Number of protein chains: 2
Amino acid sequence: MQHEPDQGDAFAPHDHALCQSRALAEAEERLRQQGARLTPVRRRTLEILLEAHRAMGAYEVLDRLAEAGFGRQPPVAYRALEFLVEHGLAHRLQRLNAFAACLHPGEDHAPVFLICRVCDKVAEAHAANVRSELSSAAGELGFTVERATVEALGLCPACAGRDAE
Amino acid sequence: MQHEPDQGDAFAPHDHALCQSRALAEAEERLRQQGARLTPVRRRTLEILLEAHRAMGAYEVLDRLAEAGFGRQPPVAYRALEFLVEHGLAHRLQRLNAFAACLHPGEDHAPVFLICRVCDKVAEAHAANVRSELSSAAGELGFTVERATVEALGLCPACAGRDAE
DNA sequence: AATCAAATTGTAATAAGGTAACAAATTGCA
DNA sequence: TGCAATTTGTTACCTTATTACAATTTGATT
Ligand SMILES: [Zn+2]
Ligand SMILES: [Zn+2]
Ligand SMILES: [Zn+2]
Ligand SMILES: [Zn+2]
């Protein structure tokens, strides 16, 4: 079965020059409506991300910006990337740089983490249904999931209770 | 409705001293079976993680290890943490430190990322079902999801095809 | 056109997270 | 006891990210 190519599907063969120019045009239009400016660094940053159809580290983007004559210091890239993320034109692939004791040792599992933003506690939720939905969503694009990271930030019941008072 | 407390639920009120000692005993038993050794650093590292019921950065763990008389250098903590993760006694909350252009700007979405481990391309999959399963799994523990990160690593159709040949 | 405040860009300095490489000490046998 | 394998300690370095402040650009206002 062949799936319909769509605009989020970087994997499907497509006219990528058109894909890029359309995204750039949409970005200009959206920013104009919001009264935000697509300045040269920001525009070049978006172009750099669009060229690749892959995730790039901030320092890789920074190198390309420097080649194009912009500053060589980290904030140059981080600011432009942050602007794009804030305006819905790019995503940041998350991090948390942390470790937690396993609460279900021996079950050979790939859990979903629930992290309370108030008390910082971490719980592990049962992930089977989440993972099966993920696999099927991926399957629609022909993608095979091998490992997945699912981390939710929110409110645990104790902190939610305290909040509501 | 009250949910049944279970061993993965750090949010439920529970006898945490018992929770810790049980986890430690289970760890010892599991490692013994595998012929791996719960040495002093490793044991203290696991205790540190268990004390908190929250995720801790490697450097925070390192500080605590140093207080307990172990080395003050990053590898001391990273090695012990890696050992615990390898043996299923701890989890690493993932990272990817990267940015990608949004492929659906304007849809105000929280997408699921599919990252091909061979070609590094990133696609955005439709996330509604994944997120609703996530919310309901979280809901069973009384947790309210505000933001969630879902990143899958695997094979895109093109690279899977190449692989199969 | 001259002026000025706000926004943007440039730069230096430093914090935080992570790994490679090798030396010293410990452990468990032969 | 002797020795190899494992574990721990330390040095040095790399990547990622932020704070603070200076210089420049922009767009509106006079
Ligand atoms: Zn494209
Ligand atoms: Zn909480
Ligand atoms: Zn507990
Ligand atoms: Zn691929």
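Quick note on labels: first sequence line is chain A, next is B, and so on, each numbered from 1. Values in this document were obtained by computation on a predicted structure and should not be read as measured data.
- Summary of the strand contacts: Phe83(B) and Glu60(A) both lie near DNA chain D, and taking for each the nucleotide with the nearest heavy atom, the more 5' one is attributed to Phe83(B).
- When each of dG9(D), dA17(D), dT9(C) is scored by its nearest atom to the side-chain atoms of Phe70(B), the top-ranked nucleotide is dG9(D).
- Rounded to a whole Å, the CE atom of Met56(A) is 14 Å from the P atom of dA17(D).
- Across all their heavy atoms, Leu103(B) and Glu124(B) have their closest contact at N-OE2, 2.8 Å.
- In the set dG18(C), dT8(C), dA17(D), dT8(C) carries the atom at the smallest distance from any side-chain atom of Arg42(A).
- Residues Tyr78(B) and Tyr59(B) form a side-chain contact, since some pair of their non-hydrogen atoms from C-beta on lies under 4.5 Å apart.
- Whole-Å rounding puts the Tyr78(B) OH to dT10(D) P distance at 18 Å.
- Atom CG in Leu81(B) sits about 13 Å away from atom P in dT8(D), given to the nearest Å.
- For Thr39(A) and dT9(C), the shortest distance from a side-chain N or O to OP1 or OP2 is below 4.0 Å.
- In this structure, the helix from dA1(C)-dT30(D) to dA30(C)-dT1(D) shows an angle of 10° between the axis at its start and the axis at its end, each fitted on 5 base pairs and rounded to 10°.
- Side-chain contact check for Leu155(A) versus Arg117(A): some heavy-atom pair is nearer than 4.5 Å.
- In this entry the distance linking CZ of Arg72(B) with P of dA12(D) reads 18 Å, nearest Å.
- When side chains are defined from C-beta on, His87(B) does not count as touching Arg42(B), because their heavy atoms never get closer than 4.5 Å.
- Rounded to whole angstrom, the span from the CD atom of Gln73(B) across to the P atom of dA20(C) amounts to 17 Å.
- Remark: the Arg37(A) side chain and the dG27(D) base include no donor-acceptor N/O pair separated by less than 3.5 Å.
- Once the 5.5 Å centre distance and the 30° plane angle are applied, the aromatic ring of Tyr59(A) is found stacked with the base of dT16(D).
- Between Leu65(B) atom CG and dT10(D) atom P the separation is 13 Å, expressed in whole Å.
- As a whole-Å value, the separation of Leu84(B) CG from dT7(D) P is 12 Å.
- The side chain of Arg79(A) sits closest to dG10(C) out of dT8(C), dG10(C), dT7(D).
- Checked against dG9(D), dT11(C), dT18(D), the side chain of Val76(B) finds its nearest nucleotide in dG9(D).
- Taking the side chain as every heavy atom from C-beta outward, Val130(B) and Glu133(A) approach each other to under 4.5 Å.
- No side-chain heavy atom of Lys121(A) sits less than 4.5 Å from a side-chain heavy atom of Cys156(A).
- For Arg92(A) and dA17(D), the shortest distance from a side-chain N or O to OP1 or OP2 is below 4.0 Å.
- Of the two residues near DNA chain D, Gly71(B) and Phe99(B), the one whose nearest nucleotide lies more 5' is Gly71(B).
- Between Ile115(A) and Glu151(A), the closest heavy-atom pair is CD1-CB, 4.4 Å.
- For the pair Leu38(B) CG and dT7(D) C1', the interatomic distance rounds to 13 Å; values are reported in whole Å.
- The shortest distance between side-chain heavy atoms of Leu65(A) and Arg44(A) falls below 4.5 Å.
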